[in-house]
Enquirer: 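Quick one: the structure is below, and I'll ask about it shortly.
Predicted model, so just to flag it, every value in this text is computed and none were measured.
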Amino acid sequence: MECYLDNSATTKPCSEAVDAAMDALTNRWGNPSSLHSVGDSANDLLTECRKTAAKHLKASPDEVIFTGCGTDSNNLAIFGAVRALKRRGNRIITTDIEHPSVELPMQRLEEDGFEVVRLPVDKDGRISVTDLKNAVNKKTILISIMYVNNEVGSIQPIKAARAAVTKAASPALIHCDCVQAFGKLPVVPRQMGADLVSASGHKIHGPKGVGLLYVKKGIRILPYLLGGGQERGLRSGTEAMPNIAGFAAAMDAVGDLDQNYSHVKTLRDSLVEQLLAQNPETSVVINSGEDALPYVLNFSAPGIPSEVMRNFLSERGVYVSTGSACSKGHRSRVLEEMKIPPERIDSAVRVSFSRFNTQEEVDYTAQCVSDAIATLRKH
């Protein structure tokens with residue numbers, strides 16, 4: 001059988017997303033900016049999709065900017081916020097375990113003279129609220145913290161950022177990378193205290209090549225991509241309507257978040273139980289924290305290189321990853337910052353679930369991991 005368990009990298013598009021994308025591609029293919037009936041039809045669809053996104057964010061449609069992907073959204077949020085506020089300070093707060101689409105912009109900003117403070121994480125991949133509060137001052141212009149880590153599933157205390165900004169009387173904008181959280185946890189920017197929120201279509205069974213950035217009403221950021229002035233001038237370029245339509249349909253298809261969460265947690269707990277029961281004497285070590293989002297499970301089989309385990313499982317139809325799909329095989333910086341020993345990092349594997357996974361797949365995966373340990377440790 002085949003078990004796709006790499007959903008943090010990408011998800012299989014759901015039928016609703018495929019149908020919506022195909023309809024936009026074949027029947028509403030006009031340019032939304034064109035001033036005729038064909039363009040009007042595409043623009044009406046764009047308006048409908050924006051309303052759908054706003055509904056799921058509990059926001060206003062004019063607070064939703066469609067982008068090309070999560071990376072696009074993160075870059076727009078970070079560079080846009082810093083350019084808008086650079087005269088008010090030069091201090092930026094982030095964490096040691098951000099996605100490359102946040103960490104690399106931070107490195108660029110450091111090269112440009114900004115002070116970037118990276119908050120450390122504990123053994124479960126969580127930052128300290130005290131550290132966050134102590135880091136924010138009146139010169140802080142941006143806080144960028146991901147809601148759910150893509151490698152271990154740790155959930156960050158996002159609401160604490162707003163309290164820290166208020167206490168410090170800071171002008172900082174708060175950006176939250178919600179790419180791994182959207183469609184799995186409630187993502188309501190106003191309740192979170194976030195000014196800017198990123199999400200991506202292909203993480204929730206929508207198409208690749210589309211994302212969104214929530215920009216709180218009244219917040220000013222500056223564009224980094226210039227052109228025809230689409231998306232309120234913040235993200236120029238003709239809107240990719242098939243992708244946007246598919247993204248909106250995928251949002252509606254998510255269904256009950258609590259029900260999905262409960263289902264996935266049952267699968268995660270079952271896999272953990274089986275891995276630990278079948279492989280005694282620390283043959284398997286769980287790297288994700290107990291309170292991590294159950295959609296992501298990181299574990300190690302020390303002594304078996306990650307790539308070897310991944311390939312063994314792949315040959316048997318079980319598809320997992322050795323870390324972030326954007327890390328290109330480098331040793332995980334996230335696990336290093338969690339102070340996990342090198343031998344565990346080098347054998348780490350990430351399993352990531354979706355609402356479509358089944359108990360049968362979990363049972364098969366657990367057996368394949370056990371077979372891998374029994375086979376590979378003999379060599």
Enquirer: For Asn75 and Thr71, indicate whether the former's side chain and the latter's backbone hold a donor-acceptor pair under 3.5 Å.
Expert: yes

Enquirer: Which residues satisfy the side-chain contact (heavy atoms from CB on, under 4.5 Å) test with Val264, sequence neighbours excluded?
Expert: Pro294, Tyr295, Phe353

Enquirer: Holding to side chain to side chain donor-acceptor pair (under 3.5 Å), I want the full list of residues that pass it with Glu231, two or more places apart in sequence or in another chain.
Expert: Arg50

Enquirer: Do the non-hydrogen side-chain atoms of Val349 and Arg310 ever get within less than 4.5 Å of each other?
Expert: no

Enquirer: Kindly write out the residues that satisfy ring pair (Phe, Tyr, Trp, His ring centres under 6.0 Å) with Phe356, not counting sequence neighbours, or none if the list is empty.
Expert: His205

Enquirer: Please write out which residues are connected to Val254 in a hydrophobic cluster, directly or through intermediates, given that two of Ile, Leu, Val, Met, Phe, Trp, Tyr count as joined at side-chain heavy-atom separations below 4.5 angstrom.
Expert: Leu257

Enquirer: Using the rule given for side chain to side chain donor-acceptor pair (under 3.5 Å), can you reason through His175 versus Asn74, listing the C-alpha separation, both sets of side-chain angles and the distance that settles it, and then say yes or no?
Expert: CA-CA 8 Å; His175 166 240; Asn74 285 341; 3.2 Å; yes

Enquirer: Please list, chain by chain and in numerical order, all residues satisfying side-chain contact (heavy atoms from CB on, under 4.5 Å) with Asn243, sequence neighbours excluded.
Expert: Pro207, Val210, Ala240

Enquirer: Of Lys86, Arg91, Lys139, which is the lone residue that meets salt bridge (Lys or Arg N to Asp or Glu O under 4.0 Å) with Glu115?
Expert: Arg91

Enquirer: Other members of the hydrophobic cluster containing Val38, with the 4.5 Å side-chain heavy-atom rule, please.
Expert: Trp29

Enquirer: Any donor and acceptor pair, going by atom type alone, linking the side chain of Ser128 with main-chain N or O of Thr130 inside 3.5 Å?
Expert: yes

Enquirer: Output yes when a side-chain donor or acceptor of Ser60 lies under 3.5 Å from a complementary backbone atom of Glu63, and no otherwise.
Expert: no

Enquirer: Got a sec: does the CZ of Arg108 have more than 12 other heavy atoms crowding it under 6.0 Å?
Expert: no

Enquirer: Which ILVMFWY residues are connected to Tyr319, directly or by a chain of links, through side-chain heavy atoms under 4.5 Å apart?
Expert: Tyr4

Enquirer: Who are the side-chain contact (heavy atoms from CB on, under 4.5 Å) partners of Lys51, not counting sequence neighbours?
Expert: Thr47, Pro61

Enquirer: Just grab all the salt bridge (charged side-chain N to carboxylate O under 4.0 Å, His left out) pairs involving residues 239-268, residues at least two apart or on different chains.
Expert: Lys55-Asp252, Lys265-Asp269

Enquirer: May I ask you to establish whether Arg316 and Phe312 are in a cation-pi arrangement, using a distance under 6.0 Å from NZ or CZ to the six-membered ring centre and at most 45° from the ring axis?
Expert: yes

Enquirer: Mind checking what makes side-chain contact (heavy atoms from CB on, under 4.5 Å) contact with Gln107, not counting sequence neighbours?
Expert: Glu103, Leu104, Glu110, Arg118

Enquirer: The criterion is side chain to side chain donor-acceptor pair (under 3.5 Å); which residues satisfy it with Thr94, sequence neighbours excluded?
Expert: none

Enquirer: Go through it in stages, so that I can follow the logic: the residues are Thr52 and Glu48, the test is side chain to side chain donor-acceptor pair (under 3.5 Å), and I'd like the CA-CA distance, side-chain angles, deciding distance and then a yes or no.
Expert: CA-CA 6 Å; Thr52 296; Glu48 293 168 14; over 6 Å; no

Enquirer: Using links of under 4.5 Å between side-chain heavy atoms of ILVMFWY residues, direct or through other members, which residues join Met146 in one cluster?
Expert: none

Enquirer: Side-chain contact, heavy-atom cut-off 4.5 Å: Lys184 with Asn260?
Expert: no

